[in-house]
Amino acid sequence: MLPALDPSSIVQSDYQDYLAALKQSSFSGDIEFSYASRLAVSTDNSIYQQLPQAVVLPKSIEDLSIIGQLANQFESVKFSARGGGTGTNGQSLTSGIIVDVSRHMNQVLEVNVEEKWARVQAGVVKDQLNDVLKPLGFFFAPDLSTSNRATVGGMINTDASGQGSLVYGKTSDHVLGLTSVLADGTILDTQPQDIESAKTLAQESTVKGKLTKQLLDTCLGKRQQIIDKFPRLNRFLTGYDLENTLNDDLSTLDISRVITGSEGSLAFVAEAKLNITPIATFKALVNVKYDSFESALRHAPSMVAANATSVETVDSNVLNLAKQDIIWHSVKDLITEVEGKTVLGLNMVEYNSNDQADIEQKIAALSQSLTDAGDIGVIGFQVTYDKSDIAKIYAMRKKSVGLLGKTKGLKKPLAFVEDTAVPPENLADFIMEFRALLDGYDLKYGMFGHVDAGVLHVRPALDMCDPEQEKMIPQISEKVVELVAKYGGLMWGEHGKGYRSEYTPQFFGEELYTELRKIKSVFDPFNKMNPGKVCTPLESTEQLVKVSDKKRGEYDRQIPIEIRSSFEAAMSCNGNGLCFNYDTSSPMCPSFKVTGDRRHSPKGRAGIVREWLRLLAERNIDIHELEHNEDPPTWFERFRNTTDKNIKEDFSHEVLEVMEGCLACKACSSQCPVSVDVPSFRSRFLSIYHQRYMRPIKDHLVGNIEKMAPLMAKVPTLVNFFLKQNWLNTAIRKTVGYVDTPILSEPTLDKRLSNKAVEQFNLSALKTMSPAEIAKKVCIVQDPFTSYYDADVIESLVKLISKLGYEPILLPFMPNGKPQHVKGFLKEFANTAKNAADLLNQLAELNLPMLGVDPSMVLCYRDEYTKILGKERGNFNVQLVHEWLRELDLPKVNSSVTSHTEYALFGHCSEKTALPTSEKEWQNIFQQVGLGLTSIPVGCCGMAGTFGHEASHLEESKGLYQLSWEQAVKQLAPEQILATGYSCRSQVARFENVKPKHPLQVLAEHF
Ligand SMILES: Cc1cc2nc3c(=O)[nH]c(=O)nc-3n(C[C@H](O)[C@H](O)[C@H](O)COP(=O)(O)OP(=O)(O)OC[C@H]3O[C@@H](n4cnc5c(N)ncnc54)[C@H](O)[C@@H]3O)c2cc1C
Ligand code: SF4
Ligand code: SF4
C-alpha cells in the first residue's frame, strides 16, 4: 500500500519565527511554506536544485519594505527575488526565502507616449508590456526568447537582451529609473543625476549618500582600470556594470545602472520607468539557408556590415527538432527545403525601417549579393515582409532551447556554458574550437543564437543522473572560460552568472572584484540579498556559490531508472518555463493562468511528482508493484486511512491538491517543447493515491457517467424535472460537490432519429457487403456528452452525411473511457478501452470511415488508448468530422440559403494543441462550400469535461472563461458563434444563456 510520506525537509526554526512575525505584521501578500510550494520554486532552467524555506508574494512596495524591515531582527534570514524563474544558471535559487513579485506586482502603471516611457511593476511579463504598447505604436525593445514569461524585474536583474541587440541594446540601455527596496527595508528611488549633485549627495550620511559615495569612489576612481579590463563588446559585462554607471563624458551617475544586472544581490526591484521605442513601420526577414553551420557563422558578419537590424542563427540539430514539433506547421512554408540539398544552417536576417523604399533597396542588394555569393555555402533564401510571418519565424527560434530538450535518450542538452559572447568576427573560429572541445568529450549539442552580437547558445547533452557525467560540468566550464578568454570574450553574454559566480573574481580581477565587494557592502552589508551570487560583502566570510554545487541530478538519480523512464513525462521537464506563458489566448496552461500559482503548472506538477517518486524510492516502495496491486486495501482500510487524524502530514495530499487543480486539457502534452504530459502521470497518481485514501462521490459519478447517461436518457423528462429543482441542485452541490448539472437532450437522440434514414448497425451484414457498398457508408461513433446532452449535433451529422450522398450508420453507444482516465480509474479504463478497440478494429478492417464529434473523446482513442493498450490498440482510426470533410470534394452550399453571416470558430483547446491545423482546415472547408469562417484566438474556456462542474473549481472555471472567451463571445451575434467542443458549448451556454453550434450543424443547415 502507498505509505504516508513525511515531507523530508521542515522549515528551519529561525525562518518559522520570521514567517510568524511577517504574518502578524501588516504584510498584505501571500506567505507559503508547504513542501509543494517550496518545491515549485526550487528549480529554474538550470541544472541546480535548491529548496527554499518559504515563498512570500508581496502585493506592494510597502510589503517589500516590511519584508526587509522585519528581517533586521532576524540576522540569519536571507532572500532571493524571483520573477518568471527562467534563469538558466540558478540565479533565483536560494536556501532562504523566495520573494516572488510575479503573482501580484504585475501591472503596467502608466504609459507616456509623448515622452516615450512606461512605468511598470517588476512582475510585468515582457510580452504583456508589449501588448499594452502595441496599439500605441511602441514596444519595449530589449528582446529575449522567454519574452512570454520572463518579467521586467528578471530582465533588469540579468540585464537581458537578445535578438536585435545591436540596434536596440540591452535592458540597462532602456531603464530610466527604478524604485527598489534594500535588504533593511529602505525604499530607494534612482535615476541619472548630474555628477556635481552626485558629489554633493555623497557627502550625506543617508543611505543614498553612502551608495553614491561608493559608486563615485569605484566608478570614477577606478575608471581607467575598468575600461582597460573589459572587452569592447555589445554584450558588455554585467553584475555590476561599473563602466556604464557613469556616462561616457562622466557628466552623470546612475545608481540604477549598477542594480541592473545585479541578479537580485543588491535590492528588490519594485517598479521601473522604462524607455519605449516606436515600432518600425516596415520589416523584412530574409531566411538564408546554408550547406553547413560553419558557412552560416562565417557569412553573418558581412550581413551585419550590410546594416541588417539583426542576424539570428540556428544549426541543423535545432532545425530538425523544430521540424518534429507542433511549431513547424506555422513556418514550413517560410523555410522550405532546397531540392537536392540539405539545409544544415540558417541565418534569419532582419531589416527594419520607416521607409519602404529604403528597406526594399536593402533587400534587393542583399538578394543580389546572395545570388552572386559564389562558393560561401548559401544554398537558398526566402524573403518575407509579412509581420505575422516574421513573428512566426521568431516564435520558432524562441522555442529552440526548449526543443533541444526533446533530444532522445538519457543525455539532455544542459545550460552551463550556454551564452558565451566573443567579438562577432571571432565567432566562427571560436565555435569551431568549442565544437572540437565538446567532440573531445564525445558530447552532442545544439547551437543557435545571436551571431550579430557574437553570442551563441550551446547546450552540451549530459545525463545528470550519472555522477561520472556530472563531473564533466566543472571540467568543461573551466575549459570554456579559457577559450572565451583566448578569443577576447565573456562567459556570460546575456543570461547572467548564477552558480557561475565563482568565476567573477577571475573575470573582474582582484582589484575590481574588491570594488564589487565594497559596493555590495553598502547596499547589503549582512549578505541577505541572494547570498553567494555575484560577490560577497567585503567584510563577509561567506562563500560564493559554485558550479559544482548541488544539482537536480542528485535528487533525480535516487529514483530507480525504470521508474524514471516510466515517468519520463515528469522527469524530462527542464524548467524552461514555456508553460508559464502569460498570453490568455494560448491554451498553455489554464490552471496556472487562473491561479498564478507555480505549483499549478506543468512544471510545478512535474517537479512535485518527481519528489513524490523520490520519497517513495527512499522508502524502497516499488511504484510499479503499487500500480499492479492485485490485492488493494479494503474499503475499511481506506476509510481508516482517510479519517486518521495522525497522518494528515502525508505529502501525497499536497500532490493530490496540485493534480486536482489540473483541467486535464492536455495542452501541455503537445505545447510543452519536451511533451510533459501531465494528464498521463496525473491519472497514475490518482489511481495509486486512491488505493490508500477513499474517493469522493463525485469521482465515482464522473467515472461512471458513461454507464449512467444512457440509463438516464431512457427517462429524460423525469431526470430533467429533478435536475431543474433548486433544492436538488443545492443538495448535489453540498453532498457531491457538483454544480450546474447539465440537462439531458429532449427529444432524445433515439427519438430524433426514429424517422430518419439512419441505418441500424449490423456487423454481420456489413461484413457481407461489397467494397462498393461499404464505400457509401459512414459510421458515427457516439460519445456520451454529444449523444445524451447535445443530441441535435448528432442529428445534424446524420443529416450532413446523407446530404453529401453517404449512408450514415449510428454505432450503438459504447463507453470511451475518457472520464475514467481523467479520474484515475485506470484498471476500469483499460477494460473499457479494450472493449471499444475490439469493435472499432473490426470496423476498421472493413475500411469503414468512422466519425466522432467531440475532440477530447476522439483524441483519447489516439493517445490514451495507445498508452494503456500498447499494441492491442490496433490500427483503427476514428476521424473528427473535419478530417473526413477535408478529403471530400464538397459542393457549394445552396445559393438560395447562402448565409451572409461570417461565422466565428472557437476551437477546443485539446484539439487545437494536438491538431494544430484543425481550425485552418475548418476554414478551408467553409471557404470551399462558400461560407465565411474566422478563427478566434482564445485559450481554455474553463469547462474541460467535468472540471467546471465541480463546486471546488467553479471560481477558477469562471475566471478562465473571463480571461479570453467572455469578451470574444460578447462581441459576436449568437448565431455567429461556433465551437467544436461539447465542454466549450456548455460553458458558453451556462454563462451567456446562448448555446453555440458545432460547425457541422451550419453545414447541415446550408446544404
Ligand atoms: C529557454 C530560455 C531562453 C532564454 N533566452 C534568453 C534570451 O534570449 N536573452 C536573455 O537575456 N535571457 C534569456 N534567458 C534567460 C532568462 O529568461 C532571463 O535571464 C530573464 O531575464 C529572467 O527573467 P525572470 O523573470 O524569469 O527572472 P528570474 O529567473 O526569476 O530571476 C532572474 C534573476 O533576477 C533576479 N530578480 C528577478 N526579479 C527581481 C526583482 N524584482 N528584484 C530583484 N531581483 C530580481 C533574481 O533574483 C535572479 O537573480 C532564457 C532562458 C530560457 C529558459
Ligand atoms: S513543463 Fe514543459 S514547458 Fe513547462 S517548464 Fe517543464 S519543460 Fe518547460
Ligand atoms: S493538462 Fe492542462 S491544466 Fe493540466 S497541467 Fe497540462 S496544460 Fe495545465
Side-chain angles (χ1 to χ4, degrees), residues 7 9-12 15-44 50-71 74 77-85 92-107 121-125 128 149 151-154 181 185 264 268-271 528-530 577 579-580 582 589-601 603-605 607-608 653-655 657-658 660-661 952-953 955-956 959-960 963:
S9 163
I10 54 161
V11 178
Q12 286 171 211
Y15 281 88
Q16 285 187 23
D17 294 343
Y18 172 78
L19 293 169
L22 191 64
K23 207 168 173 192
Q24 294 300 315
S25 73
S26 54
F27 178 75
S28 67
D30 305 333
I31 303 171
E32 295 176 358
F33 45 85
S34 73
Y35 195 40
S37 298
R38 294 159 67 199
L39 281 168
V41 289
S42 65
T43 54
D44 55 1
Q50 174 75 67
L51 188 72
Q53 301 297 317
V55 192
V56 298
L57 303 108
K59 291 190 170 162
S60 62
I61 297 179
E62 291 68 36
D63 277 348
L64 280 170
S65 179
I66 293 167
I67 290 170
Q69 283 169 37
L70 259 184
F74 295 85
V77 169
K78 317 250 172 177
F79 304 100
S80 175
R82 187 161 169 127
S92 63
L93 306 186
T94 180
S95 57
I97 293 177
I98 292 278
V99 179
D100 183 343
V101 297
S102 69
R103 188 184 294 172
H104 299 300
M105 295 180 67
N106 54 19
Q107 298 304 307
Q121 289 183 306
V124 163
V125 168
Q128 177 194 353
R149 60 235 195 236
T151 61
V152 167
V181 177
F268 300 120
V269 172
E271 284 180 18
K528 281 173 166 287
M529 303 297 284
N530 213 358
C579 49
F580 301 145
Y582 110 95
C589 152
S591 58
F592 170 67
K593 279 202 175 87
V594 75
T595 58
D597 186 333
R598 307 271 174 196
R599 288 177 307 153
H600 289 283
S601 67
K603 178 182 170 183
R605 294 185 174 109
I608 288 162
H653 296 327
E654 293 190 38
V655 187
E657 191 191 338
V658 300
E660 289 205 315
S952 54
H953 295 138
E955 283 313 307
E956 285 162 21
L960 276 169
L963 271 186

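The residues Arg598 and Glu32 are annotated as not salt-bridged, no charged nitrogen and carboxylate oxygen being separated by less than 4.0 angstrom.
Residue Met105 holds its CE atom at 11.0 Å from OG1 of Thr151, rounded to the nearest 0.5 Å. For the atom pair OG1 of Thr94 and CE of Met529, the computed distance is 10.5 Å after rounding to the nearest 0.5 Å. In this structure, NZ in Lys59 is found 5.5 Å from CG in Asp30, a value given to the nearest 0.5 Å. If you take CG on Asn530 and CZ on Phe79, they are separated by 12.0 Å, rounding to the nearest 0.5 Å. With rounding to the nearest 0.5 Å, the separation of CD1 in Ile10 from CD in Gln16 is 6.0 Å.
Tyr35 places a side-chain heavy atom less than 4.5 Å from the side chain of Leu51. Between Asn106 and Val125, every side-chain heavy-atom pair lies at or beyond the 4.5 Å cut-off. Contact of the Leu70 side chain with the Tyr18 side chain is registered, since non-hydrogen atoms from C-beta on lie closer than 4.5 Å. Residues Ser601 and Phe580 form a side-chain contact, since some pair of their non-hydrogen atoms from C-beta on lies under 4.5 Å apart. Proximity of Leu19 to Gln53: side-chain heavy atoms (C-beta onward) are nowhere separated by under 4.5 Å. A heavy-atom distance below 4.5 Å is not found between the side chains of Gln121 and Val101. When side chains are defined from C-beta on, Arg599 counts as touching Ser37, because their heavy atoms get closer than 4.5 Å.
The shortest non-hydrogen separation linking Arg82 to Ile98 is CB-CG2, 3.7 Å. When all heavy atoms of Lys603 and Thr43 are compared, the pair lying nearest together is NZ-O, 3.0 Å. Residue Pro58 comes nearest to Leu64 through the heavy atom pair CG-CD2, 3.8 Å, listed as atom of the first residue, atom of the second, then distance. Pairing each heavy atom of Leu22 with each of Phe27, the nearest pair is O-CB, 3.7 Å. Of all heavy-atom pairs spanning Asp63 and Gly29, the tightest one is OD2-N, 3.2 Å. For the residue pair Ile66 and Ser25, the shortest heavy atom distance occurs at CG2-OG, 3.5 Å.
With sequence neighbours left out, the side chain to side chain contact (heavy atoms under 4.5 Å, CB included) criterion links Glu62 to Ser60. The side-chain hydrogen bond (donor to acceptor under 3.5 Å, both in side chains) test applied to Glu654 returns no partner, not counting sequence neighbours. Listed by chain and number, the residues in a side-chain hydrogen bond (donor to acceptor under 3.5 Å, both in side chains) with Tyr15 amount to none (sequence neighbours excluded).
Not a single donor-acceptor pair under 3.5 Å links the side chain of Ser102 to the backbone N or O of Gly123. Within the 3.5 Å criterion, the main-chain N or O of Ser92 finds a donor-acceptor partner in the side chain of Ser80. Proximity of a side-chain donor or acceptor of His600 to a complementary backbone N or O of Cys589 within less than 3.5 Å is not detected. Between the side chain of Lys528 and the backbone N or O of Ala71, at least one donor-acceptor pair lies under 3.5 Å. Side chain of Arg605 to main chain of Val658: a donor-acceptor pair is present (N/O by atom type, distance under 3.5 Å, no hydrogens or angles).
Other residues, nucleotides and ligands place no more than 12 heavy atoms under 6.0 Å from the CZ atom of Phe33.
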Val11 and Arg38: CA distance, side-chain angles, deciding distance, side chain to side chain contact (heavy atoms under 4.5 Å, CB included) verdict: CA-CA 10 Å; Val11 178; Arg38 294 159 67 199; 3.7 Å; yes
